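Beneath this line is the structure, given in structure tokens, with notes to follow.
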Amino acid sequence: MNTYSTSYDVIVVGAGHAGCEAALAAARLGCKTVVITINADHIGEMSCNPAVGGLAKGHLVREIDALGGEMAKNIDATGIQFRRLNTKKGPAVQSSRAQADKEQYRLRMKQVLENQDNLDIKQGVVDELIVEDGAVKGVVTSIGEHYPGRTVILTTGTFLQGLIHIGLKNFSAGRMGDPPSIKLSENLKQIGFRMGRLKTGTTPRLDGRTINFSKLTPQYGDEPPIPFSFATESIPQKQVPCYITYTNEQTHEIIRSGLDRSPLFAGVIEGVGARYCPSIEDKVVRFPEKPRHQIFLEPMGLSTTEIYPNGVPTSLPVDIQFKMLRSIEGLEKVEIVRPGYAIEYDYADPTQLTPTLETKLIRGLFFAGQINGTSGYEEAAAQGLMAGINAVRYITEDSPVVLDRAQAYIGVLIDDLVTKGTMEPYRMFTSRAEYRLLLREDNADLRLREIGYSVGLVSDRAYRRYQHKKEAIEQLFNLLSNIQLTPTPAINEKLCALGLHPLNQPISLADLLKRPGVNLAGLEAFEQRITEVEKSVAEQVEIQIKYDGYIKRQAEQVKRFKKLEHAAIPEDFDYSKVPSLSNEVKEKLAAIRPKSIGQAARISGITPAAVSILQIFLKKHNYSATIDTNPLT
């Protein structure tokens, strides 16, 4: 065995979206870091759709940015279409999404890693963890290289025992064109980790020169495009449209004709697929009453003709893929550049992790991304960032950073994983966040910038900009609250011109803004200084004033949540001592080892009665204590 001469503080295995954020965070915080990846040319690779964000996922990207991560900056620099989603709904569920130039996204992220101080990049296949006395001490690669390390972060994506399916043909791969990681999964099982099997899929890639776009409906992005990063001022690169088309009854009939050769329906695939992102054959079978399914034809970059047909992930045989696609309007003569496929891979039950993403079994070992059962670039990147931060804090013996469910979507994501686990690829939705009115995209910096700065990932310049924004918000609040309108003929005439009812008594501009149909821009007729306010500041103030009652109500709910969240349960507490709990509840509590009463209450199968019994027992026997889930706030 060849022992590498450098001993690292942090070893990151994998350089996908989780690995990139983990490695950058650790290196930027001053730790000697190495990222080991199977293919150094595929750092930051978009294995599936060439896009970042989407419903709830956009929230994650903005939170990553607020904490000092890289994903938002990378998509801002390489995005070729930006759109705000759900703009006709309330601000809590509005999200951002951007098409990426797939090649440029990868190249820029690789360049960022290559130019990062304290960070080395090595190409290799990690086969084994080195574990001594219950703590990780490094990794061993397939060619016998021994990398010593104080912590290890596994971000293995779909590479653990990866198996690709196209029709009834299958072969080992981490993704199309890359080899899998075979031995590491076996090593994790030998150590004692509970492993499972999941499945995901992707669409065929099409030759844009063979698509008749004149028959299709273009979908343009927002103008001007709105960046993801709070540091990005504008998007200078060229923007391009996507195109919309639909499957039809003929398409569905072709799909049905190939189901006998579908690995999904022939019982070849064992892994559980994503319920919310089914293959096109799954959609056709599950929803036979639907005459068509929408497809978005998304360009994969400015310098390529390849098109990603979002909406038709499939593992059907290639001949069926051809027939299916050519039955769709605009695709009558389409050529496939790369076939669609399904991939099965191993993952580790995430209830084996603490809220810091460190494993309970091995000290200093962290898991992030699809190894924890999640699906999506954004979910992976969020976990990678938090694992990177907490690996560093493990080394420095500082208190870990754990975001709770009332602070961030990242907190919801990680809490769901480590508390409830998952039996299918986990995807973030706004409905998963019970305090979503407080966890909006627009206020991610107001929620998390202080933490990012305290950790050391947010620059002084970015922090000053954030402080300036906070001061501007406070000034505008004061301005709107202090200016009173009186029911004079001149004032009422202006109100009528805006389509508003006249005043009968004095009212502040802030209270006037709460009226239906009134927006901040309309108040410029009464106060000229409003025109000088930055757009992000105006948006923030308008939302907070208009939704003031709802926000206050949710803030009260958060207070009750925090009370339970801060009610600590001793780490070594023996649940068998609580006589009134059922054996099933005792086993679940002992397996998860919740940090607090609040976390215990969220474990599947733990009833409110069981939580109450546990609370009473802890108090009666003087186990009660308080914890601060995030010492940086």
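Remember, predicted model here, so these are calculated numbers, not experimental data. Below, all heavy atoms of this structure are taken into account, side chains as well, without hydrogens, waters or symmetry copies.
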Quiz item: cation-pi between R449 and Y466, 6.0 Å / 45°
no

Can you establish whether the number of heavy atoms outside Q294 located under 6.0 Å from its atom CD is more than 12?
yes

Heavy-atom distance under 4.5 Å between the side chains of P594 and I603, does that happen here?
yes

Determine, stepwise, if the pair F367 / L353 fulfils side chain to side chain contact (heavy atoms under 4.5 Å, CB included).
CA-CA 8 Å; F367 291 172; L353 305 175; 3.8 Å; yes

Would a distance-only check, ignoring hydrogens and angles, find a side-chain to backbone donor-acceptor pair under 3.5 Å from N390 to L357?
no

Donor-acceptor contact present, side-chain S454 to main-chain E450, <3.5 Å:
yes

To the nearest 0.5 Å, atom NZ of K546 lies from atom CD1 of I543 at 11.0 Å

If you count every heavy atom of other residues, nucleotides or ligands that lies below 6.0 Å from R461 atom CZ, does the total exceed 12?
no

Identify, with sequence neighbours excluded, every residue that meets salt bridge (Lys or Arg N to Asp or Glu O under 4.0 Å) alongside R275.
E424

Only counting residues at least two apart or in another chain, list the ones meeting side-chain hydrogen bond (donor to acceptor under 3.5 Å, both in side chains) with S229.
D65

According to side-chain hydrogen bond (donor to acceptor under 3.5 Å, both in side chains), who are the partners of E298, at least two apart in sequence or on a separate chain?
R97, N310

Check: residues 529-536 side-chain donor-acceptor pairs under 3.5 Å, at least two apart:
{"residue": "R529", "atom": "NE", "partner": "E527", "partner atom": "OE2", "Å": "2.8"}
{"residue": "R529", "atom": "NH2", "partner": "E527", "partner atom": "OE1", "Å": "3.4"}
{"residue": "T531", "atom": "OG1", "partner": "Q528", "partner atom": "O", "Å": "2.6"}

Is K283 atom NZ crowded by more than 12 heavy atoms from other residues, nucleotides or ligands, each under 6.0 Å away?
yes

Would Q540 and D442 satisfy side chain to side chain donor-acceptor pair (under 3.5 Å), going step by step from the backbone distance to the final call?
CA-CA 7 Å; Q540 190 61 224; D442 60 86; 2.7 Å; yes

Between CZ on residue F287 and CD on residue E289, distance to nearest 0.5 Å
7.5 Å

Do D222 side-chain atoms and P225 backbone N/O form a donor-acceptor pair below 3.5 Å?
no

With a 3.5 Å distance limit and no angle check, can you tell me whether Y377 reaches the backbone of N49 through a side-chain donor-acceptor pair?
yes

Rounding to 0.5 Å, atoms CD1 (I597) and CD1 (I569) come to a distance of 4.0 Å

Quick one: does any side-chain atom of E556 pair with a main-chain N or O of R553 as donor and acceptor, under 3.5 Å?
no

Could you list the donor-acceptor pairs under 3.5 angstrom formed by side chains in residues 379-386, with sequence neighbours left out?
{"residue": "E379", "atom": "OE1", "partner": "K57", "partner atom": "NZ", "Å": "2.9"}
{"residue": "E379", "atom": "OE2", "partner": "K57", "partner atom": "NZ", "Å": "3.0"}
{"residue": "E379", "atom": "OE2", "partner": "M428", "partner atom": "N", "Å": "2.9"}
{"residue": "Q383", "atom": "OE1", "partner": "G369", "partner atom": "N", "Å": "3.1"}
{"residue": "Q383", "atom": "OE1", "partner": "N372", "partner atom": "ND2", "Å": "2.9"}
{"residue": "Q383", "atom": "NE2", "partner": "T374", "partner atom": "OG1", "Å": "3.0"}
{"residue": "Q383", "atom": "NE2", "partner": "E379", "partner atom": "O", "Å": "3.1"}

Separation between CG of L438 and CZ of R436, rounded to the nearest 0.5 Å
11.0 Å

If you apply the rule side chain to side chain donor-acceptor pair (under 3.5 Å), what do you find for Q99 with Y308, and how did you get there?
CA-CA 11 Å; Q99 287 298 126; Y308 182 94; over 6 Å; no

Name all pairs fulfilling the salt bridge (charged side-chain N to carboxylate O under 4.0 Å, His left out) condition that reach into residues 74-91, sequence neighbours left out, sorted by first residue then second.
R84-E441

Got a donor-acceptor contact below 3.5 angstrom from the K494 side chain to the A525 backbone?
yes

Determine yes or no for a side-chain-to-main-chain donor-acceptor pair under 3.5 angstrom, with Q81 supplying the side chain and Y220 the backbone.
no

Measure from the side-chain N and O atoms of S459 to the backbone N and O of A462, and report whether any donor-acceptor pair falls under 3.5 Å.
yes

So, Q599 and R405: side-chain donor and acceptor under 3.5 Å apart, yes or no?
no

Give me the ring orientation class for Y394 and F366: parallel if the planes are under 30° apart, tilted from 30 to 60°, perpendicular past 60°.
perpendicular

Contact between L67 and L403 at the side-chain level, heavy atoms closer than 4.5 Å - yes or no?
yes

To the nearest 0.5 Å, what is the distance between CG on L457 and CG on L29?
4.0 Å

Aromatic contact, F561 with Y435 (centres under 6.0 Å)
yes

Pairs meeting criterion salt bridge (charged side-chain N to carboxylate O under 4.0 Å, His left out) with involvement of residues 596-615, two or more places apart:
D415-R602, E565-R602

With sequence neighbours excluded, tell me which residues meet side-chain hydrogen bond (donor to acceptor under 3.5 Å, both in side chains) with Q116.
R28

Under 3.5 Å, which donor-acceptor pairs do the side chains of residues 481-490 form with other protein atoms, sequence neighbours left out?
{"residue": "S481", "atom": "OG", "partner": "F477", "partner atom": "O", "Å": "2.9"}
{"residue": "N482", "atom": "ND2", "partner": "N478", "partner atom": "O", "Å": "3.0"}
{"residue": "T488", "atom": "OG1", "partner": "I491", "partner atom": "N", "Å": "3.2"}

Please list, chain by chain and in numerical order, all residues satisfying side-chain hydrogen bond (donor to acceptor under 3.5 Å, both in side chains) with R108, sequence neighbours excluded.
E70, N74

Polar side chain donor-acceptor pair, H566 to S596, under 3.5 angstrom
no

According to salt bridge (Lys or Arg N to Asp or Glu O under 4.0 Å), who are the partners of K563, at least two apart in sequence or on a separate chain?
none

Rounded at 0.5 Å granularity, tell me how far CG in L55 sits from OG1 in T430.
7.0 Å

For R515, salt bridge (Lys or Arg N to Asp or Glu O under 4.0 Å) partners two or more places apart
none

R432 side-chain N/O to R427 backbone N/O, donor-acceptor pair under 3.5 Å
yes

Salt bridge flag under 4.0 Å for residues R464 and D460
no

Is R62 paired with D445 through a side-chain N to carboxylate O contact shorter than 4.0 Å?
no

